[in-house]
Amino acid sequence: MLRTLNIENIAVIEKAEIEFNSGLNVLTGETGAGKSIVVDSINAILGERTSKELVRHGADFAFVSAYFSDINETVISRLTELGYECDDGDLLLSRRISAEGKSSCKINGRPATVSVLKEVGHLLVNIHGQHDSQALLNPDYHYKFIDMLSDNKALYSEYKAAFSELIKIRRQLKILTAAEDSKDKDVELLEYQVNEIEAADIKVGESDALTARKKLIDSSEALLKAYNAALSALNGDDENGGVLLILNSVRTEIDVFDDYSDASEISNSLSAVAEELEVSKQKLESAISGLEFDENEREAVEERLDLIFKLKNKYGETEDKILEFLENAKEKLELIRFDDTKLEELNTLYDEAYEKTVSLAEKLSEERRKTASAFELAVKEQLEFLDMPKIQFVVQFEQGILSSNGYDKIEFLISTNVGEPPKPLAKIASGGELSRIMLAIKNIIAANDTVGTLIFDEIDTGVSGRASRKIGLKLKSVSDSTQVITVTHSAQIASVADTHFLIQKDFDETATYTRITPLDYEGRKRELARIMGGLDITDAMLAGAEELLSSEN
């Protein structure tokens, strides 16, 4: 669940830290105080699209981080697949947004892309507001709600394995069937490709090793020239004396005047220089003798690199891709070379696999239909409690093509008025209705849902006080098994919170600031009174707030 949210320089929030708890967390405050900014910040950390307008005016960047604890095995498994360690069940997500609108993200301190952050975020948190109803509005997702409640896990796994085997056989059949039409031509081409790659005897990492060797050879040639030039300067040649000869000649002439102290010192200095140069000369001779350069090797390396380059252009951009192409070509060649008996065998296997997969799909559909019937009744019951007594809720089944999820096309339909036929949610439900329908569904599936945190943004918009009270009770019920965070204007909802945060806007001469404060009992009482009656809080309002707190908890 979401433990800590840190916000920095986002809109009117300069800096804030919110310590959420398990159960029902409620955020209240006056309109414009910054409640929606908290939700925007959570959206940002979950990888949703942001813009530079989110950055606080005058700041260079905005920053938000979220610390999660006790994350479930589904999330840990996916993080491991993505290359992130999360052995202790704790997770830290962070995102930095520059004033130019550029983003940088991290997962447990390691860099991540926004798309990866979004994938992980959707496994951790489900945000539902009046304009955030993708899961309900997208029929492709509806079967998942049914499967969360259905006792079909083993059957579903068996079906997926059968479907995977069916696809594997179908793929082989396609290759073999297509090959029959152009068998000779394909065999000729594949044999050429296999022979060319096998003759080259490509090794993984070979081009990198050869490139490094070529660079060394090229460097050796230049180094050898430099060494020889230095040695020539020291030794000289037939026409010109080298540095050592000239130095020794000069020193000999100066030695004639060794009775003079200056001449003696100069001679000694020149002797020391000559000795150093002699040492350097010996080192150069040793280095030259040890520096081997083979022009034939260079040509061989360049030819090999050229061959690999040509193969990469034809078969894949890396040695791995070339070898993968080789294995695929061999597999195709082997399949093509099979006789009609193999084709008949594959057709028989396909028919058997198809029959098995369809049979399992029918069983899976039957289980889903049983679950859907109970689900319809449960949703209607929940919605009646939430002051939507006339609504019809129907789980529609249609048979589609076989896929990895079965062949069911499942869609939720509703009718909000008596006498009207049920229609897709996206065409009928208003924002407030969608929020209550989602709340009803979440209350039913909460125990089976793998998402650890559920956020409802102003779910009470457009509903009466009586309905708000019931929504609060349902939120409280969901929070028994799933952490719930809700932004609300309803005193009835706020009164049942386990943790209550007040969001306030402050001003000074230069800027506007938002403060987020956890409330104690007295603070909650005053805030509920404000919500019910306005800024002028009376004793009667405080008494009403206290009654709400005592009666709802």
Flag, side chain of E319 to backbone of E206, donor-acceptor distance under 3.5 Å | yes
Quiz item: cation-pi between R56 and F61, 6.0 Å / 45° | no
Taking atom CD of E381 as the centre, report whether more than 12 heavy atoms of other residues, nucleotides or ligands fall under 6.0 Å from it.
-> no
When L124 is tested against each of V451, L93, T453 for side chain to side chain contact (heavy atoms under 4.5 Å, CB included), which residue passes?
-> L93
Count the heavy atoms of every other residue, nucleotide or ligand shown that sit under 6.0 Å from CD of E81, and state whether that count exceeds 12.
-> yes
What pairs with F20 under ring pair (Phe, Tyr, Trp, His ring centres under 6.0 Å), at least two apart in sequence or on another chain?
-> F501
Tell me, with the steps shown, if T28 and H489 meet side-chain hydrogen bond (donor to acceptor under 3.5 Å, both in side chains).
-> CA-CA 6 Å; T28 64; H489 292 286; over 6 Å; no
Criterion side chain to side chain contact (heavy atoms under 4.5 Å, CB included) against N43, the qualifying member of K118, R49, E48 = E48
Is S157 reaching over with its side chain to a backbone N or O of K153, donor-acceptor style, under 3.5 angstrom?
-> yes
OG on S94 to CG on N6, rounded to 0.5 Å | 10.5 Å
For F163 and S404, work out which heavy atoms get closest and say how close.
-> CE2-N, 3.5 Å
What's the verdict on side-chain contact (heavy atoms from CB on, under 4.5 Å) for I537 and R530, showing C-alpha distance, side-chain angles and the deciding distance?
-> CA-CA 6 Å; I537 299 173; R530 181 199 67 78; 4.2 Å; yes
Could you please spell out the steps behind the side-chain hydrogen bond (donor to acceptor under 3.5 Å, both in side chains) verdict for D147 and N152?
-> CA-CA 7 Å; D147 284 347; N152 64 4; 3.1 Å; yes
Look only at the side chain of T486 and the backbone of T488, and say whether a donor-acceptor pair between them is shorter than 3.5 Å.
-> no
Using a cut-off of 6.0 Å, state whether more than 12 heavy atoms not belonging to K314 lie near its atom NZ.
-> yes
Closest heavy-atom pair, I437 versus L383, reported as atoms and distance to 0.1 Å, is CA-CD2, 3.9 Å
Side chain N72, main chain G452, donor-acceptor under 3.5 Å | no
Smallest separation among heavy atoms of A494 and L528, with atom names | CB-CD2, 3.6 Å
May I ask you to test the N126-I455 pair for a side-chain heavy-atom distance under 4.5 Å?
-> no
For Y84 and P111, work out which heavy atoms get closest and say how close.
-> OH-O, 2.8 Å
Here the gap from D387 atom CG to I471 atom CD1, rounded to the nearest 0.5 Å, amounts to 8.5 Å
Give the C-alpha distance, both sets of side-chain angles, the deciding distance and a yes or no for side-chain contact (heavy atoms from CB on, under 4.5 Å) between K15 and I13.
-> CA-CA 6 Å; K15 197 167 187 179; I13 299 180; 6.0 Å; no
Salt-bridge test for D520 and R524: reply yes if a basic N is under 4.0 Å from a carboxylate O, no otherwise.
-> no
Kindly indicate, with the supporting measurements, whether the criterion side-chain contact (heavy atoms from CB on, under 4.5 Å) is fulfilled by K474 and L386.
-> CA-CA 8 Å; K474 284 301 175 187; L386 292 171; 3.6 Å; yes
Any donor-acceptor pair under 3.5 Å linking the side chain of E8 with the backbone of A16?
-> no
Under 4.5 Å between any side-chain heavy atoms of N9 and E14, yes or no?
-> yes
Rounded distance (nearest 0.5 Å) linking atom CG of L548 with atom CD of Q492 = 6.0 Å
In this structure, are over 12 heavy atoms from other groups packed under 6.0 Å from D151 atom CG?
-> no
Just by modelled atom types, is the E367 backbone N or O under 3.5 Å from a matching donor or acceptor in the T371 side chain?
-> yes
Does a side-chain heavy-atom distance below 4.5 Å link E19 with T499?
-> no
Donor-acceptor contact below 3.5 Å, side chain D408 vs main chain I410 = no
N/O donor-acceptor pair under 3.5 Å between S550 side chain and E547 backbone | yes
For the atom pair CG (L27) and CG (N25), what is the distance rounded to the nearest 0.5 Å?
-> 7.5 Å
May I ask you to check whether over 12 heavy atoms, not counting those of K106, lie within 6.0 Å of atom NZ?
-> no
Is there a side-chain contact between D306 and E302 (heavy atoms, below 4.5 Å)?
-> no
Within a strict 4.5 Å, meaning less than it, do heavy atoms of the L117 and R95 side chains meet?
-> yes
Has the side chain of S479 got a donor or acceptor atom that lies under 3.5 Å from a matching backbone atom of K476?
-> yes
Mark yes or no: K312 above the aromatic ring of Y315, with NZ or CZ under 6.0 Å from the six-membered ring centre and no more than 45 degrees from the axis.
-> no
Within-4.5 Å side-chain heavy-atom neighbours: I97 and K102 | no
For the student: nearest non-hydrogen atoms of A44 and L54, plus distance | CB-CD2, 4.5 Å
Do N21 and D498 pass the side-chain contact (heavy atoms from CB on, under 4.5 Å) test, and can you show the C-alpha distance, the side-chain angles, and the key distance before you say yes or no?
-> CA-CA 8 Å; N21 294 305; D498 296 301; over 6 Å; no
Sequence neighbours left out, what passes ring pair (Phe, Tyr, Trp, His ring centres under 6.0 Å) with F412? Give chain and number order.
-> H142, F145, F375, F393
So do L311 and I202 actually touch side chain to side chain, heavy atoms under 4.5 Å?
-> yes
When rounded to the nearest 0.5 angstrom, what is the spacing between CG in D208 and CZ in R213?
-> 16.0 Å
Spacing of R368 atom CZ and I146 atom CD1 [to the nearest 0.5 Å] | 9.0 Å
Short N-O contact, R3 and D90, less than 4.0 angstrom | no
Locate the shortest heavy-atom distance separating Q382 from A440; write the atom from each residue and the value.
-> CB-CB, 3.5 Å
Crowded around R78 CZ? As in, over 12 foreign heavy atoms under 6.0 Å?
-> yes
Counting only N and O atoms by type, is there a donor-acceptor contact under 3.5 Å from the side chain of T211 to the main-chain atoms of S207?
-> yes
Report yes if some heavy atom in the side chain of R369 is under 4.5 Å from a heavy atom in the side chain of F397; otherwise report no.
-> yes
Please name all residues satisfying side chain to side chain contact (heavy atoms under 4.5 Å, CB included) with S403, sequence neighbours left out, ordered by chain then number.
-> N405
Check the surroundings of atom CG in D539: do more than 12 heavy atoms from other residues, nucleotides or ligands lie under 6.0 Å from it?
-> no
Residue of the set I107, I76, L2, D70 for which side chain to side chain contact (heavy atoms under 4.5 Å, CB included) holds with L91 | I107
